[in-house]
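Report on the structure given below.
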Amino acid sequence: MNTRSSRLMVTYSHPFSLAGYPGVLPAGAYEVIVEEELLQGLSFVAYRTAAIYLLIHGRGGQAGRTELRMITQSDLETAQSRASGFDTKQQS
């Protein structure tokens with residue numbers, strides 16, 4: 001199956017939380033990876049979202065550790081609405 005990935009940087013100016021994960025994540029920039037898969041059998045090229053991940057870099061005693069958390073589009077939007085003053089920038 002043909003897949004593609006895109007990266008998005010999301011910056012939170014306030015701490016936020018994600019449904020299904022314990023604790024509060026600190027304010028800062030986070031990388032979001034969106035994986036999409038090619039829809040087969042169409043007369044045009046179309047993709048659908050297969051997975052969305054948020055990269056969490058460890059801090060303090062967890063420095064050097066990176067965690068890849070699977071999230072939903074709804075989780076991402078909810079976290080953004082809770083943390084006022086967020087900014088997003090698309091990366092290629």
Worked check of side chain to side chain contact (heavy atoms under 4.5 Å, CB included) between I52 and V32: CA-CA 7 Å; I52 302 173; V32 175; 3.7 Å; yes

Closest heavy-atom pair and its distance - F16, P26: CE2-O, 3.9 Å

Between CG on residue L18 and CD1 on residue I56, distance to nearest 0.5 Å: 6.0 Å

Cluster companions of V24 among Ile, Leu, Val, Met, Phe, Trp, Tyr (side-chain spacing under 4.5 Å): none

Contacts of type side chain to side chain contact (heavy atoms under 4.5 Å, CB included), residue Y47, not counting sequence neighbours: R4, E36, L38, V45

Members besides L42 in its Ile/Leu/Val/Met/Phe/Trp/Tyr cluster (side-chain heavy atoms under 4.5 Å): L39, F44

Value rounded to 0.5 Å, distance of CD1 in I71 from CD in E77: 10.0 Å

Separation of E31 CD from H57 NE2 (nearest 0.5 Å): 6.5 Å

By side-chain hydrogen bond (donor to acceptor under 3.5 Å, both in side chains) - contacts of T72 (at least two apart): D75

Non-hydrogen atoms of S17 and G23 that approach each other most closely: CB-O, 3.9 Å

Candidate pair L25 and Y30, rule side chain to side chain contact (heavy atoms under 4.5 Å, CB included), full reasoning: CA-CA 10 Å; L25 296 168; Y30 291 85; 3.7 Å; yes

Under 4.5 Å side-chain linkage, directly or through intermediates, the cluster mates of I33: Y53, L55, L68, M70

Pairwise side-chain contact, Q73 with T49, heavy-atom cut-off 4.5 Å (strictly under): no

